[in-house]
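A quick write-up on the structure given underneath.
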Number of protein chains: 2
Amino acid sequence: MRCVAGLVLIFFISVSDAKSLESSDKCRALLGDALIKEIASYENARDEIFKYVLEGDFKSKTYDELEKFVDKFGARMSGSQVLEDSIDYMIQLTQEEDLNDITTEELEVPHWIREQEKITMLEPRSKSIAVLGLGRSVSTPPEGITAEVIVFSTFDKLDEASVEDVEGKIVLYDPVYTNYGETVAYRSGAAKAAKKGAVASLVRSIAPFSINSPHTGSQSYDENAPKIPTAAITLEDADLIRRFYDRGERVVLNIKMQSSYETKTSRNTLIDLKGTKNPEKLVIVSGHIDSWDVGQGAMDDGGGLFVSWAAPVILKKLNLRPKRTVRTIFWTAEELGLIGARAYEEKHRNESQNINFIMESDEGTFAPLGLVVSGTQEARCIIGEILKLFESINASALVESDSAGSDISVIINTGVPGASLHNANERYFWFHHTEGDTMNVESPEELDLCTAFWTSLAYIIADISVDIPR
Amino acid sequence: MRCVAGLVLIFFISVSDAKSLESSDKCRALLGDALIKEIASYENARDEIFKYVLEGDFKSKTYDELEKFVDKFGARMSGSQVLEDSIDYMIQLTQEEDLNDITTEELEVPHWIREQEKITMLEPRSKSIAVLGLGRSVSTPPEGITAEVIVFSTFDKLDEASVEDVEGKIVLYDPVYTNYGETVAYRSGAAKAAKKGAVASLVRSIAPFSINSPHTGSQSYDENAPKIPTAAITLEDADLIRRFYDRGERVVLNIKMQSSYETKTSRNTLIDLKGTKNPEKLVIVSGHIDSWDVGQGAMDDGGGLFVSWAAPVILKKLNLRPKRTVRTIFWTAEELGLIGARAYEEKHRNESQNINFIMESDEGTFAPLGLVVSGTQEARCIIGEILKLFESINASALVESDSAGSDISVIINTGVPGASLHNANERYFWFHHTEGDTMNVESPEELDLCTAFWTSLAYIIADISVDIPR
């Protein structure tokens, strides 16, 4: 998952408030008794899906397949051969489930390769500093950059500083972590620092918790500023440097970073379970197949990939054929800037009216809690009514957002209604973009719940008599 | 803190059971009304100490001094010059508080130096494996050891395996983490593996939680077995290797480890606040000053060091002079095998009857909950009665152990009554012996509570009319 400004909303709108809004009398009036009754009638399909996933042949399959996949490939960086191999693997896995309506769409993607990375504190004492360079960072000279550090907790404080204060120094941003959507802006602070003459910029990892774990992530330069090397360091080391700095002790670092950057070809993958009545209308479920180059990409976004893979597989197996087409998309190159989603949006812009609803899981596949929904009041009322079917597993919360999701926000921003999985992801940002994003974060039981929830939603939304209004 | 078998007890005896035992009628009969009344009368001293630490001039001082100390020195490995410098610093800091009755006692300590460490998985796919060599591990040849891995979850399973199965392989132990005291035995599994012909041994880090964090620690070889290189890997990587292994996929690693080992001189440090009536009788409070070579040693055992340092400083400042001597000890070289404590015990064996009570904090300085106590029923009754004075801060729990503490267990095992700090350390083993043992784990408020609690206990036990019986 990547920086998405709209994500902030999740944290500010209380679930209970949102729920009460959706279940209000206004919704009842908008939907009418017939539709409410129709939605309730999907309890049988829901039960069939849940039984198959929680107790039947699909039990633990999401976890098991995810495990085999991430163990086999490990990290799947945009532009890498391993990512392409993993796409081929997923296509074959899908075909083995007798789903053959599979399309791949080629696009150009960035391939940034992390090579040597090493930061050493030289003053006030010698210390190795754990580091992860940020996506697309330029390299240092081979001997590295050796310079004094100046620390800023906010961009405002950098703005207040003079060029003389900053010139020739390494800027360290150590913002207080409030929430990801807000704090992540500091990961792209290189340009602002460069404009004041900084020779490199570092950021305190965008995370609420750490065991000296650096968190990588994408960043973007500004064409009006020199491109300087930029990296994340751990909460612990950032706080140590801040303490030295506040005590008036000069902190000098040597930063050595080498990387390469080129463009490669990758693919979005589309799997269709064709609708029986309106095959041109799409209900999309999705996750991204690429990952950062650390960890296994099990959480970000292996879980989202596999719950979205599972939906048409299960519907096919149970012979639940909805009226509209259920399309699974494996986005490529999400981490370097939603590259796959942008390409899809551009390519399919003329048919975007056919997207009835678009869903994405890219913020963890812990216990499902409901959906983060973008759409009109009426759209939210329909989704809220459907979510009532999941009260027994505590997954009926509807959280409003003006731009739900990461990849799908590109499409939602064109006016398409959609939703991202709302789940019990309190620890998501502990592991996000670190070496700790592995199978150890995942749970078979929680993945089964997500899969059953996700598949049921896809089926119901693709099958009900009304389109999701815009 | 190091492996101590007796520690296991903490986890098995319920606090409420122990409390009810101590507060039983039996205790009341053993102590008598006069002593119970006398103990209760220390509420004024307790209040004075707590006020000074929580609201007065000492507020946040434990945290602030600990921070300055660990920031200045970082890790303080047994035998290193930085450890000796840190001892000198603590002596000077103590003298600045007008405490001058300071003795250092020299002893020989091991100095194991971690140099290069690198593990690479070669099959079934290429992957870097995070590693921390275990204390005193021998080196590999410069080109490393390349061998297939065989995985054992228990020693019993290794015992059942034939020499043919194990010979020439790398043994990975991946025991289920139950609790530290029980699971840590696998950290010293090198000898058992070597006896079956293994060329190296690895252990899944002894920890309940990880963000791909390896945990180092001491281990011991067996003189009847070849010394083979031995290291800890992360939970995540151990579990990954286990999964490959269980699927029948051959796992091949290259292990490169270089280290050196020599003997150096270090010092235990003794700070006395002489008793007014029985200066020869000692109430000892203690922590160890050395740390592992990763992190800052802020938690293990900077916190214990500083709360023990604070006790005589505060009593002097408040002019609270108990009848017996309060002695603070900074143990050296705990991590490599309680070396400082063993030397102290040997040197002072003839005067051990003078130790009235010995205390140690080496399992975290989170919110204090009470004490883990070793001693007779009568000793426990007295300590339990004293702990009642700390009910308002929820620190009156008495947990029984036959061998409380790590360093002090050496002395407790000779029949001296003692206790270690019982605190809310549920996350202690998340950070233990990792790069994450830094100031970020510590809290000024919790350290203040520990300091006030620790100082009050030292004062009361050193001042009451009765000795702690053996």
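Throughout, a chain's letter reflects where its sequence line sits, starting with A, and its residues are numbered from 1.
- Considering B:N212, B:D239, B:T234 as possible partners of A:N440, the one that fulfils the side-chain contact (heavy atoms from CB on, under 4.5 Å) test is B:D239.
- Note on A:D71 versus B:R247: salt bridge recorded, some NZ/NE/NH1/NH2 to OD/OE distance being below 4.0 Å.
- Only the backbone of A:S210 comes within less than 4.5 Å of a heavy atom in chain B; its side chain stays farther off.
- Residue with the most contacts toward chain B among A:L240, A:L235, A:D437: A:L240 (heavy-atom pairs, distance under 4.5 Å).
- Looking at A:V294, neither its backbone nor its side chain comes within 4.5 Å of chain B, counting heavy atoms on both sides.
- Remark: B:D57 CG is loosely packed, at most 12 non-hydrogen atoms of other residues, nucleotides or ligands lying under 6.0 Å away.
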Intermediate values then yes/no, side-chain contact (heavy atoms from CB on, under 4.5 Å), A:K72 and B:R125: CA-CA 8 Å; A:K72 182 173 180 68; B:R125 65 173 164 89; 5.9 Å; no

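- Within a 6.0 Å radius of NZ in B:K118, other residues, nucleotides and ligands contribute 12 heavy atoms or fewer.
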- request: Any chance you could lay out the side-chain contact (heavy atoms from CB on, under 4.5 Å) test for B:R243 and A:K68, step after step, and finish with the verdict?
  value: CA-CA 9 Å; B:R243 294 195 298 270; A:K68 275 190 271 180; over 6 Å; no

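- If you measure heavy-atom distances from B:F244 to chain A, the contacts under 4.5 Å come from the side chain alone.
- For B:V70, the part sitting under 4.5 Å from any heavy atom of chain A is the backbone (N, CA, C, O) and nothing else.
- Separating the CD atom in A:E435 from the CD1 atom in B:I211 is a distance of 12.0 Å, to the nearest 0.5 Å.
- Annotation: the span from A:E236 atom CD to B:Q296 atom CD amounts to 9.0 Å, rounded to 0.5 Å.
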